[in-house]
**Student:** 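Can you read through this structure? Questions will come right after.
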Amino acid sequence: MSSHPAQRIREIPYNYTSFSDREIVIRLLGTDAWSVLQDLRGQRRTGRSARMLFEVLGDIWAVIRNPYLIDDLLEHKHRQLALVREMRHRLSEIQKRRDNNEQVLILLQAAEKAVTTFDESFAITRNKREQVFKRLSKITHKDNIQFDGLARVSHVTDATDWRVEYPFVVLNPDHEDEVAPLVRALIELELTIIPRGGGTGYTGGAIPLDAMSAVINTEKLDRHSGVQLVQLPELTGSRPVIACGAGVVTRRVEEAAAAAGWVFAVDPTSADACCVGGNVAMNAGGKKAVLWGTALDNLAWWKMVNPQGEWLKIERVRHNFGKIHDEKTAVFDVHTLDQDGKNIVHTQRLEIEGHRFRKVGLGKDVTDKFLAGVPGVQKEGTDGIITSVAFVLHRMPKFTRTVCMEFFGTVANATPAIVEVRDYLLGHESVQLAGLEHLDWRYVRAVGYATKAAGKGRPKMVLLADIVSDDEAAVQAAAAHIVRLANARDGEALSQ
């Protein structure tokens, strides 16, 4: 082995993970071992023994970072014993060559401890799996309790593609009623709980950070009621609502609403894959958020299980069917339910000033996860698991025009058009902004945007504005005004 580490980036074999040699040594042998190893490198005392040590670490690392190999060794104990026997043989060879070097002894003792821990981990895993299975199979069907490599690998990350720890077990409850008992049992079993839906998040909310964790996947809770006209708390008359299990794919809700002549306001770009439970946990928005706000603004009620395994149902009172920050006071009733999740045992009313839900001039504030104490929303599973939800629905005005604005001057000159269009429509008496999409020059270039204005080349910025009204003439006049705003900033625009 070279004494110059820069010449070889990785010396631990079988390492196809994102962990460096240093991280693996520290993880398996401890921080002191890495310091000792570096000192031996400086003394040019790293050779055959070091390679054998790295082979041992490589064997351990290859197994513990591959659930399929773990399953194989759990099933075939003779393979496990043979692997450990070979590791110990290499360590004995290092012992023969150490020449009473105390630093090598430190590494050797740490490696022997790591091999023993590795060897004992199989019995520990086997016993823990039996314990978990015995406890949880009383709550959900045995096929919903998954320890296999495929289940663990498919739940190690989300859309971020970050991989930290594989979950110990993956649970797929058949019914909402199973979730609270599962949470209570997992607390007893001392497993960290990770809620997960479609796994489309980009913030890492569904990524296990602890090897002793259980992922509760809610994708089987995939039924919705269809559009229903119901009476909401402290409102007169019937209002359109759609109730869904947490695992309903967002696009299915949108389609059901549209089929009944209504509009579902929550439309993130991942709508074809994400689930409504995650929409609530993330406070998802989308294009229509300009008109009707994010998930928070459109919730009639939602049901969840808190970290103590208790059922909560949160209802919005006197819903304004608009943006929550426009309310002087937003009111929520937080109901604690009995263990079966059926009957209310206690209610706490939250009365929150509407302006606290949005940062003035900014909109959705992703830094405020607390949201004035409203449970579940924007918490990404940190204060409970969303199990079902009901959204209010809307009517789209009769007439819609889309204005496409392409800007060819400087970005600095074009950017103020975003605020100008927004402010113009916010102040309009009868026309509303239903959506505003901004494409910067990087996006325009990346997607190979086809310029609408002939002979102008590729634009520096593109704005797409959807404007709506029940007054057709007003929509046409507003579209013409927006075109003029674009023209004034070196832009070309067309509406349809």
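Just so it is clear, the model here is predicted, and its values are computed rather than measured. All values below were derived from every heavy atom in this structure, side-chain atoms included, with hydrogens, water molecules and symmetry-related copies excluded.
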**Student:** Counting heavy atoms not belonging to Lys452, are there more than 12 under 6.0 Å from its NZ?
**Tutor:**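 Yes - once you tally the heavy atoms of other residues, nucleotides and ligands closer than 6.0 Å, there are more than 12.
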**Student:** Partners of Trp61 by ring-ring contact (aromatic ring centres under 6.0 Å, His included), sequence neighbours excluded?
**Tutor:**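 Phe19.
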**Student:** Indicate yes or no: at least one non-hydrogen side-chain atom of Lys369 is less than 4.5 angstrom from one of Thr382.
**Tutor:**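 Not touching, per the 4.5 Å side-chain cut-off.
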**Student:** Look at the side chain of Ser270 and the backbone N and O of Ala273, then say whether any donor-acceptor pair between them is shorter than 3.5 Å.
**Tutor:**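 No; judged by distance alone, with no hydrogens or angles, the pair does not exist.
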**Student:** Regarding Arg27 and Glu165, does a basic nitrogen lie under 4.0 Å from an acidic carboxylate oxygen?
**Tutor:**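 Salt bridge between Arg27 and Glu165, a charged N being under 4.0 Å from a carboxylate O: yes.
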**Student:** Taking C-beta and beyond as the side chain, do Leu426 and Leu433 meet within less than 4.5 Å on heavy atoms?
**Tutor:**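 The answer is no; the side chains never approach within 4.5 Å.
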**Student:** Taking atom OH of Tyr68 as the centre, does the number of heavy atoms from other residues, nucleotides or ligands within less than 6.0 Å exceed 12?
**Tutor:**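 Yes, OH of Tyr68 has more than 12 neighbouring heavy atoms, counting only those of other groups under 6.0 Å.
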**Student:** I want to check a possible cation-pi pair here: Arg395 against Trp262, using under 6.0 Å from ring centre and within 45° of the ring axis as the test.
**Tutor:**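 Output yes; distance and angle both within limits.
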**Student:** Quick check against the 3.5 Å criterion: does Tyr166 have a side-chain atom that pairs as donor or acceptor with the backbone of Arg65?
**Tutor:**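 Side chain of Tyr166 to backbone of Arg65, a donor-acceptor pair under 3.5 Å: yes, one is there.
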**Student:** Say whether, by atom type as modelled, one donor and one acceptor occur between the side chain of Asn343 and the main chain of Asp338 under 3.5 angstrom.
**Tutor:**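 Looks like no, no N/O pair under 3.5 Å.
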**Student:** Please determine if Lys220 and Glu178 form a salt bridge, counting it only when a charged side-chain N lies under 4.0 Å from a carboxylate O.
**Tutor:**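 No salt bridge links Lys220 with Glu178.
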**Student:** Under the side chain to side chain donor-acceptor pair (under 3.5 Å) definition, can you give me all pairs with a residue in residues 468-477, not counting sequence neighbours?
**Tutor:**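 Sorted pair list comes back empty.
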**Student:** Within a strict 4.5 Å, meaning less than it, do heavy atoms of the Lys379 and Leu371 side chains meet?
**Tutor:**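 Side-chain contact under 4.5 Å: yes.
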**Student:** With a 4.0 Å cut-off on N to O distance, would you call Arg135 and Glu188 a salt bridge?
**Tutor:**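 Yes, this pair counts.
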**Student:** List the steps and the verdict of side-chain hydrogen bond (donor to acceptor under 3.5 Å, both in side chains) for Thr387 and Glu176.
**Tutor:** CA-CA 6 Å; Thr387 59; Glu176 179 181 31; 2.6 Å; yes
**Student:** Does atom CZ of Arg356 have more than 12 heavy-atom neighbours from other groups under 6.0 Å away?
**Tutor:**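 It does not: Arg356 CZ has 12 such atoms or fewer within range.
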**Student:** Between Lys342 and Asp177, is any pair of side-chain heavy atoms under 4.5 Å apart?
**Tutor:**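 The answer is yes; the side chains approach within 4.5 Å.
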**Student:** Please determine whether the number of non-hydrogen atoms from other residues, nucleotides or ligands lying under 6.0 Å from atom CD of Gln339 exceeds 12.
**Tutor:**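 Incorrect, the count does not exceed 12.
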**Student:** Does some side-chain heavy atom of Glu190 sit less than 4.5 Å from a side-chain heavy atom of Met212?
**Tutor:**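 No; the side chains remain at least 4.5 Å from each other.
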**Student:** Would you indicate whether Arg223, at its atom CZ, is surrounded by more than 12 heavy atoms from other residues, nucleotides or ligands within a distance under 6.0 Å?
**Tutor:**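 Incorrect, the count does not exceed 12.
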**Student:** Are any side-chain N or O atoms of Lys128 and backbone N or O atoms of Leu189, one a donor and one an acceptor, separated by less than 3.5 Å?
**Tutor:**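 The answer is yes, because a donor-acceptor pair under 3.5 Å joins these two groups.
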**Student:** Would you say Glu429 has more than 12 foreign heavy atoms packed within less than 6.0 Å of its CD?
**Tutor:**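 Counting neighbours around CD of Glu429, 12 or fewer heavy atoms of other residues, nucleotides or ligands fall under 6.0 Å, so no.
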**Student:** Would you confirm whether Lys323, through its side chain, and Val290, through its main-chain N or O, come within 3.5 Å as a donor-acceptor pair?
**Tutor:**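 Yes, Lys323 side chain to Val290 backbone: donor-acceptor pair under 3.5 Å.
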**Student:** Asp210 side chain to Thr192 main-chain N or O, any donor-acceptor pair under 3.5 Å?
**Tutor:**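 Not confirmed, Asp210 side chain does not pair with Thr192 backbone.
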**Student:** Using a strict cut-off of less than 4.0 Å between a Lys/Arg side-chain nitrogen and an Asp/Glu carboxylate oxygen, indicate whether Arg318 and Glu327 qualify as a salt bridge.
**Tutor:**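 Salt bridge absent between Arg318 and Glu327.
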**Student:** I want to check something: taking the side chain as every heavy atom from C-beta on, are His428 and Ser430 in contact at a cut-off of under 4.5 Å?
**Tutor:**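 Sidechains of Ser430 and His428: in contact.
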**Student:** May I ask you to decide if Phe407's main-chain N or O and Asp490's side chain share a donor-acceptor pair within less than 3.5 Å?
**Tutor:**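 No, because the side chain of Asp490 does not come within donor-acceptor range (under 3.5 Å) of the backbone of Phe407.
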**Student:** Of Pro173, Pro195, Pro167, which meets side-chain contact (heavy atoms from CB on, under 4.5 Å) against Ile216?
**Tutor:**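 Testing Ile216 for a side-chain contact (heavy atoms from CB on, under 4.5 Å) against Pro173, Pro195, Pro167 leaves exactly one candidate, Pro173.
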**Student:** In this structure, are over 12 heavy atoms from other groups packed under 6.0 Å from Lys398 atom NZ?
**Tutor:**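 Counting other residues, nucleotides and ligands, NZ of Lys398 stays at 12 neighbours or fewer.
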**Student:** Main chain of Val169, side chain of His155: is a donor-acceptor contact present, judged purely on distance under 3.5 Å?
**Tutor:**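 Judged by distance alone, no pair lies under 3.5 Å.
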**Student:** Any idea how Phe168 and Phe147 line up, ring-wise: parallel (<30°), tilted (30 to 60°), or perpendicular (>60°)?
**Tutor:**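 Aromatic pair Phe168/Phe147 classed perpendicular.
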**Student:** Just checking, any donor-acceptor pair under 3.5 angstrom between side chains of Asn283 and Thr294?
**Tutor:**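 Thr294 and Asn283 do have a side-chain donor-acceptor pair below 3.5 Å.
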**Student:** Check the angle between the aromatic planes of Phe332 and Phe357 and answer parallel, tilted or perpendicular using the 30° and 60° thresholds.
**Tutor:**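 Ring orientation, 0 to 90° scale: tilted.
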**Student:** Within the side chain of Arg126, is there an N or O that forms a donor-acceptor pair under 3.5 Å with the backbone of Leu74?
**Tutor:**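 Side chain of Arg126 to backbone of Leu74: a pair is present.
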**Student:** Closer than 3.5 angstrom, by distance alone: can the side chain of Asn298 be matched with the main-chain N or O of Trp292 as a donor-acceptor pair?
**Tutor:**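 Checking the backbone N and O of Trp292 against the side chain of Asn298, a donor-acceptor pair under 3.5 Å is found.
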**Student:** Considering only residues two or more places apart or on different chains, which pairs with a residue in residues 285-305 satisfy salt bridge (Lys or Arg N to Asp or Glu O under 4.0 Å)?
**Tutor:**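 Found Asp267-Lys288, Lys287-Glu437, Lys287-Asp466, Asp297-Arg358.
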**Student:** Side chain to side chain contact (heavy atoms under 4.5 Å, CB included) for Ile70 and Arg152? Distances and angles first, verdict last.
**Tutor:** CA-CA 11 Å; Ile70 292 174; Arg152 296 176 64 210; 4.2 Å; yes
